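What you see is a predicted model, and the numbers here were worked out from it, not measured in a lab. By convention in this document, chain letters (A, B, ...) are assigned in the order of the sequence lines, proteins followed by strands, and residues within each chain are numbered from 1.
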Amino acid sequence: MDFQPKLKEKQWDKSIEQKMFKKWQEEGLYKFDKKSKKPLYSIDTPPPYVNTPIHIGHAYTYVWQDIMARSRRMMGFNVLFPIGLDKNGLPIEVMAEKIFNIKMHETPREEFIAKCKEMLEKAGDASLDSFKRLGLSCNEWQVKYELGGRYDTDDPEYRRLTQETFIQLWRKGLIYEDVKPTNYCPVCGTAIADAEVEYKEGKTKLNYIKFKVKETNEEIIIATTRPELLCSCKIILFNPEDQRYKHLNGKHAIVPIYGQEVEIRAHPYAKPEFGSGLVMICSFGDYGDVRLLRELNIEPTYAINTDGRMNENAGMLKGFLVADARKAIIAELQERDLLVKQEEIDHREPICWRSKNPIEFVALKEFYLKQVEFIPQLLDAANKMNFFAPESKQILIDWINSVSIDWVLTRRRYYGTEVPLWYCKKCNYIYVPDPGKYYQPWKEKPPIEKCPNCGSKEFVGEQRTFDTWFDSSSSEVYILGYLWDKKFFEKHFPCSMRPQGKEIVRNWLYYTLLKSLHLYGKPPFKECWIHMHVVDEKGEKMSKSLGNVIDPHEILDKYGAEAFRIWSCLEGDITHGDIRCSFNRIEGTSKFLTKLWNIARFVSSFPQVEKTELTDTDKWIIDELYLLVERVKNNYKNYEFSDAANDIRNFVWNVFASHYLEMIKVRAYGQGFSEKEQKSAWFTVHFVLKNVLKLLAPIIPFMTDYIWREVYDKESIHKQELPEINYRFGLENYTQKIIEFNSAVWKEKKDKGLSLKAEIAIKVPEELKMFKKDLVKMHNII
RNA sequence: GGGUCGAUGGUCUAGUGGCUAUGACGCCGCCUUGACGUGGCGGAAAUCGCAGGUUCAAUUCCUGCUCGACCCACCA
């Protein structure tokens, strides 16, 4: 009998991948079925920034999300797996400013927005192409405004949702307006949230300045890094334990140059060992100042304006930029012999996460969302979500516990979701529109004729936009169809899964939790998968400045998506720690693809037959398969894809191929065995292959589907469920012994310089007697 | 400064209070074996980050340190 494999080529052809992807799209394989009776599994994927190409970390984590989607689909869930693109906020504006060489605040708003759109248009959807090459099984790639649809965060519909959440929060009394010292980036020209503040290590000068004590006329020395803020000095502190200054308690100091009298007081904030042990508290030099003036209930004097320049409170420094003001005041102090010395010190400066410029504290009237008073509820809700890995939950808990002021919602930017408010020109009544429409108050009239309060017909539209995280933190509401199918939303909220990076727990996950708790009274997700980072060979973060960033396109071009996907599982588990990648091994891990391919080729050369009475060897491998299936299904359930992949590889290569297939080869060819025994082998090889393909389908979807369709079925493997093995024979304990025996025979032949086909006289151990016939034929034992 | 996590052959990983520490990639040697040389068999290669401690016994438990990642923080 001549056996012809159904798979002709000797290895996987990666050019098939994109053909398969196209076929999947044509078939609508992953389209979301709203009417499905299956339980829903919804994934709130992180929308990547549209204008930056995806890097290796993205590729890795989106592949893992795809494995989540595919494995849940094969576990019988109706999977909602939409893809979004983030097109909101500062990064878009900054990019547009750079490309067109314009300044936002010097450009008419309409025109600036048009420029942003033009830029986004040009940038295209490059990152989506990468995702398609990786084979992600998202429901839709282009269709918008429906369940499973692709979305952009600057879609008018998305913005309508953002505005609706604001209106609801407003009506619940959770939003208020207040003047507070606010983190402000003079370069971006906007208030920024605590979560947007970064720190930069650097050197700065600590200036020792002479003050006079009013009551005693004695000279005291105060060290400061912010001499330009002398004008806003409010109080001077020393440590209660500091004997040097005890006598000054309750006395007053006269601030040099400006002459205001400020109290001197004991307070533990002052550290005796720093500077002179005396610290001046200004409004505001840093977070310490903000906290202390709040604590001591002292009215601040703001010295810096929103343009980053000193104001009239700074007297002679008025109009200077902060950095220039510092130079000028130091020169003035030297002139008047008030500067004792300067020391260079290391310190950490708060900077804006986007512009990387130092932030200042300025007085701004902004809208706030209440969060501080909800910390116990937030902790409670956080604890109701299931985290993978469990220890990741601590990142969220720690952040919640550190929240100390409410969330500043408003930004003075253009390319963002508008705050939907109008103000009555006459009586300042704040008009909040009904939800249901996307509002642009800066260029539209309000949807009412006259002020409900005073009857005036003149309104001013709100100019500000929201913090981008205010948009992002409703993504799970958006994808669950809130805007288009409230019933569906209500039935399926909370969302099943939030996959995201550990670095944005404090904003994306936290803010989503906050809004969800405020609006729906429960946590937004059932499960959160928090991933660590892909780092370079040395364990260091990949960044453009270090030049160690790896573009996944190189790998996709060279090895294909399947190689990348199997590598991303075999390389390690990004849930528990950073992944240190070394790409010289991607070639090695992808060898498994070739092995699997050839196993399938071999198996495909035998006829597919009905189950007959099985031989013991066949029963044994099915027992092994059963155990594998149970372990892998459990791995999939718990998102342990690395364990699953390694386990499957080990079974397929080191048990099934190396031992089982070698043992049954002669029988499958039918030499010296009955037809019944031959058919038992035929049945078993296909049975194992079919189930192995199903187990691997979430990880390597292209190749498994290709083999499946060539060998088994016209319909995609991705319509199958994970295997359910109903046979048990109790023979799994023999595996180790079989492997040992075979290895011993091979070694013996090798040691004797014999060909593997050569006859050999060796005794099959008594305990392996049930496999004796196969073993004898396999090794040509005489 | 504080917290969390990580560190196992050249590389990536498994693992455990106790025989000669798992597997893979790479490397070296040998081998056509009716799927696969993108294969098979064999081999070399690790004082399990460093220094202490607990224990009869530690890679595994404890303490300190170094390095890396992430987060937090009020040192002017």
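- Across all strands shown, A657(A) has heavy atoms under 4.0 Å from base atoms, whether or not it also approaches the sugar-phosphate.
- A gap of 16 Å separates the C1' atoms of A57(B) and A21(B), to the nearest Å.
- Distance check on atom P: A51(B) versus C30(B) gives 41 Å, rounded to whole Å.
- As the counterpart of A69(B), U4(B) is assigned, both hydrogen-bonding distances of the Watson-Crick or G-U wobble pattern falling under 3.5 Å.
- Here W653(A) does not reach the OP1 or OP2 of C36(B): none of its side-chain N or O atoms lies under 4.0 Å away.
- For Y669(A) and F606(A), the ring centers sit closer than 6.0 Å to each other.
- If you check every strand for non-hydrogen atoms under 4.0 Å, S658(A) touches nothing.
- Counting any heavy atom pair closer than 4.0 Å across all strands shown, K757(A) reaches sugar-phosphate atoms only and no base atom.
- Counting non-hydrogen atoms of neighbouring residues, nucleotides and ligands closer than 6.0 angstrom, the CD atom of E587(A) reaches no more than 12 such neighbours.
- Separating the CD1 atom of I400(A) from the P atom of U4(B) is a distance of 18 Å, rounded to the nearest angstrom.
- Applying the 3.5 Å distance criterion, the base of C36(B) shares a donor-acceptor pair with the side chain of K595(A).
- For R226(A) and A76(B), the shortest distance from a side-chain N or O to OP1 or OP2 is not below 4.0 Å.
- Atom-to-atom, CD1 of I397(A) to P of C71(B) comes out at 18 Å; the value is rounded to the nearest Å.
- For the atom pair CG of L379(A) and CD1 of I397(A), the computed distance is 5.5 Å after rounding to the nearest 0.5 Å.
- The CZ atom of F602(A) sits 10 Å away from the C1' atom of C36(B) (whole-angstrom rounding).
- Taking CG of L338(A) as the reference point, atom CD1 of I209(A) lies at 8.5 Å (rounded to 0.5 Å).
- Between the side chain of E662(A) and the base of G40(B) there is no donor-acceptor pair of N/O atoms closer than 3.5 Å.
- Pairing for U60(B) is absent, judged as Watson-Crick or G-U wobble with the two contacts each under 3.5 Å.
- In the model, Q371(A) has a side-chain atom that pairs as donor or acceptor with a side-chain atom of Y510(A) under 3.5 Å.
- As a whole-Å value, the separation of D578(A) CG from C71(B) C1' is 13 Å.
- The distance from the CG atom of L593(A) to the CZ atom of R565(A) is 11.5 Å, given to the nearest 0.5 Å.
- If you check G29(B), A24(B), C36(B) against the side chain of K750(A), the one that comes closest is G29(B).
- With A35(B), C70(B), G34(B) as the choices, the nucleotide that has an atom nearest any side-chain atom of Q671(A) turns out to be G34(B).
- Taking the P atoms as reference points, A45(B) lies 12 Å from G10(B), given to the whole Å.
- Within 4.0 Å of E9(A), counting heavy atoms only, lies no atom of the nucleic acid at all.
- Checked against A69(B), C12(B), A76(B), the side chain of H533(A) finds its nearest nucleotide in A69(B).
- A7(B) and C61(B) have their P atoms separated by 11 Å, with the value rounded to a whole Å.
- Proximity of K591(A) to the phosphate of C25(B): no side-chain N or O atom is located under 4.0 Å from OP1 or OP2.
- Base pairing annotation: G9(B) forms no Watson-Crick or G-U wobble pair, as no partner gives both donor-acceptor distances under 3.5 Å.
- Q394(A) comes within 4.0 angstrom of nothing in the nucleic acid, heavy atoms only.
- To the nearest angstrom, P of C71(B) lies 13 Å from CD of Q500(A).
- Here the straight-line distance linking atom CD1 of I236(A) with atom CE of M280(A) works out to 8.0 Å at 0.5 Å rounding.
- Judged by closest nucleotide on RNA chain B, N654(A) is the one of L756(A) and N654(A) placed further toward the 5' end.
- Between the P atoms of U47(B) and G42(B), the separation comes to 25 Å (whole Å).
- Residue K205(A) places its NZ atom among 12 or fewer non-hydrogen atoms of other residues, nucleotides or ligands, all under 6.0 Å distant.
- Base-pair partner of U55(B): not found among the strands shown (Watson-Crick or G-U wobble, both distances under 3.5 Å).
- U59(B) and C48(B) have their P atoms separated by 6 Å, given to the nearest Å.
- When distances are taken from the side chain of T225(A) to each of C72(B), A35(B), A76(B), the shortest belongs to A76(B).
- Under 4.0 angstrom from either OP1 or OP2 of U33(B) there lies at least one side-chain N or O belonging to S755(A).
- As rounded to the nearest Å, A44(B) and G52(B) have C1' atoms that lie 34 Å from one another.
- Nearest-nucleotide mapping onto RNA chain B: of I579(A) and A600(A), the residue sitting toward the 5' end is I579(A).
- The distance between atom NZ of K393(A) and atom C1' of C5(B), rounded to the nearest whole Å, is 17 Å.
- Applying the Watson-Crick and G-U wobble criteria (two distances, each under 3.5 Å), A45(B) pairs with nothing in any strand.
- Distance K205(A) NZ to A76(B) P: 15 Å, rounded to the nearest Å.
- The residue K665(A) sits close to a base: some heavy atom pair falls under 4.0 Å.
- Using a 4.0 Å heavy-atom distance criterion, I395(A) is classed as making no nucleic acid contact.
- As rounded to the nearest Å, U54(B) and U11(B) have C1' atoms that lie 35 Å from one another.
- Under the stacking criterion of a centre-to-centre distance below 5.5 angstrom and an interplanar angle below 30°, Y669(A) sits stacked against the six-membered ring of G34(B).
- Between the CG atom of L689(A) and the P atom of A35(B) there is a distance of 15 Å, given to the nearest Å.
- For C75(B), there is no paired nucleotide, since no Watson-Crick or G-U wobble pair has both relevant distances below 3.5 Å.
- Between Y302(A) and F284(A), the distance from one ring center to the other falls under 6.0 angstrom.
- At C70(B), none of the side-chain N or O atoms of K502(A) fall inside 4.0 Å of OP1 or OP2 (strictly under the cut-off).
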